[in-house]
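Structure record follows, encoded as structure tokens.
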Amino acid sequence: MVHPGRITHNNVGTEKDGPIVYWMSRDQRSSDNWALIHSIELANQKSTYVLVVFCLDLSYPSVISRSLNFMIEGLKEVEKNLVSKKIPFILLQGDPTHQLPPFLAHHNASTLVTDFDPLRIKRQWKESISRQVTIPVITVDAHNIVPCQVASTKQEFGAYTIRPKINKLLADYIQDFPEIEEQKAPEESITKPINWPEIPNINNCIPSITWIKPGEHAANIALRYFIEHKLEGYATKRNLPELEWTSNLSPYFHFGQIAPHRVALEIIKANATAVDKDAFLEEMIVRRELSDNYCFYNPNYDTVEGLPAWAKTTLDLHRSDEREHLYTLDAFEHAHTHDKLWNAAQKEMVHTGKMHGYLRMYWAKKILEWTVSPEEAFSIAIFLNDKYSLDGRDPNGYTGIAWAIGGLHDRAWFERPVYGKIRYMNSNGAQRKFNVEEYISKNSF
DNA sequence: ATCGGCTCGCGCAA
DNA sequence: TGCGCGAAGCCGAT
């Protein structure tokens, strides 16, 4: 049974006689999905069936072909897997707030179930739809192991304040997933295969990506590969960007093609030292869930406005400091700065759709250093990350940028020009920590 | 190579 | 009210 703590009732509604509709949004997978599992539970209770719907909005902010292809290829697999379980899967196209209410009415839907997402647009969609319908609307947190609103009821100050709260509840929530059994949807509800839209290649200057395959199956292969080859030694080697000793699971997490919950279960079972497992689980659970906490409880998660007071004050005091270098968005985007390491990080992102964690910090902090204002730095960093990273438009990205540029979840440090008391980083630090030359040559596209 | 200082504020102990 | 310590560092002294 799905833990009741995962479930939030968005409105008081009256059930109708039709199917339970699961509006799949953030968690785009057929297995290990608490929102789908709960939908099936509800359907069984009411002797009806589950209908899964995905709403594809091609006008979604900063949609690009790179991310869209990754998502749609994953959804094609979801379609195949759901249909094999006799669960109908339907694709709607357009703004969900316009598409879903008539769809629910047409099917005489009993209840609308959806997955949890802390981002603004998703919450606006859900609120608008809840206002338009009279049936119950239910949110299931299928993305976090300890549900966001259970882990904490407020914005947390740092990893150290949320960590004990999550750890205390982890044992309650980290249960095994049930297998999904074949369902008994009426024959006519299993419609003909979806005619997936061709994605217009509007950004054909963006290199396509071949090193990572989309979808649930590929995600599980990537997980197996990580456990077998890179978990041992992860605690130290993850910090050496030239080794590429990372899990590469982030795009799958972003599109919900694998559940962090599943990954945690497999890592715990894996044969590796506690130090390595703990290092990975700390990142995947505590820091990832801290990102959801920030975006959920701070409506200004993607601007300077959301930053802690001390950080805004110190950035303000240094507004008119002289900048040694100033670059436009165009110069950043084309990796035309004086700094080879920065350019390499930018090229890594443009050409591969990812950037190593250490360099994400360095990259964002230098944008702060080389732009006229923290506001501009924030918007450039978010724009580039959302455009090029396969895991862009994710709470992790917004929170990471707020950490680097705005001291979020961090402490004040020695005061210096432009940064004020925001933690400073420079390439000397990188030189001390890893093989900078090798990283640069690996990313000299 | 290693250590302490830099600096702010939360959360807990007292 | 005091105190320990924190999402990833830097720098200079030893």
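Every chain is numbered from 1 and lettered A, B, ... according to where its sequence line falls, protein lines coming before strand lines. The analysis underlying the following values was restricted to heavy atoms, covering all of them including side chains, and did not include hydrogens, waters or symmetry mates.
Donor-acceptor pairing under 3.5 Å is lacking for the side chains of A/Ser30 and A/Lys85. A/Tyr327 and A/His334 form no side-chain donor-acceptor contact under 3.5 Å, judged by distance and modelled atom types alone. No hydrogens or angles considered: a donor-acceptor pair under 3.5 Å links the side chains of A/Asp95 and A/Thr97.
The number of heavy atoms from other shown groups lying within 6.0 Å of NZ (A/Lys213) is above 12.
Rounded to an integer number of Å, the gap from OH of A/Tyr160 to C1' of B/dG9 is 6 Å. Following rounding to the nearest Å, A/Ile162 (CD1) and C/dG6 (C1') show an atom-to-atom distance of 15 Å. To the nearest angstrom, P of B/dG9 lies 14 Å from CG of A/Leu408. The distance between atom NE2 of A/His356 and atom P of C/dA7, rounded to the nearest whole Å, is 19 Å. If you measure from atom CZ of A/Phe280 to atom C1' of C/dA7, you get 16 Å, rounded to the nearest angstrom. Taking atom CG on A/Leu307 and atom C1' on B/dG9, their separation rounds to 16 Å, with Å as the unit.
Contact check, A/Lys421 against B/dC6: no side-chain N or O comes under 4.0 Å of OP1 or OP2.
The residue A/Thr314 sits apart from the nucleic acid: no heavy atom pair falls under 4.0 Å. Using a 4.0 Å heavy-atom cutoff across all strands shown, A/Arg288 reaches no nucleic acid atom at all. Backbone-only contact: A/Lys154 has heavy atoms under 4.0 Å from sugar-phosphate atoms and none from a base.
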Exercise. Run the side chain to side chain donor-acceptor pair (under 3.5 Å) check on A/Asn248 and A/Tyr225 step by step: do they pass?
Worked result: CA-CA 10 Å; A/Asn248 287 329; A/Tyr225 182 85; over 6 Å; no
Problem set entry | Heavy-atom protein contacts under 4.0 Å, nucleotides 8-14 of chain C, coded B base, S sugar-phosphate only, - none | BBSS---
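Rounded to the nearest Å, the gap between the P atom of B/dG5 and that of C/dG4 is 13 Å. Rounded to whole Å, the separation between the P atoms of C/dA7 and B/dC12 comes to 14 Å.
Pairing analysis of DNA chain C (Watson-Crick: purine N1 to pyrimidine N3 plus N6-O4 or O6-N4; G-U wobble: N1-O2 and O6-N3; both under 3.5 Å) yields stems of 3 or more pairs at B:1-6 with C:9-14, B:8-13 with C:1-6.
Ring centroids of A/Tyr234 and A/Phe226 are separated by less than 6.0 Å, placing the two rings close together. With ring centers used as reference points, A/Tyr294 lies under 6.0 Å from A/His409. A/His338 and A/Trp370 have their aromatic ring centers within a separation under 6.0 angstrom.
A/Tyr424 and A/Tyr419 have perpendicular rings, their planes meeting at more than 60° on a 0 to 90° scale where under 30° would count as parallel.
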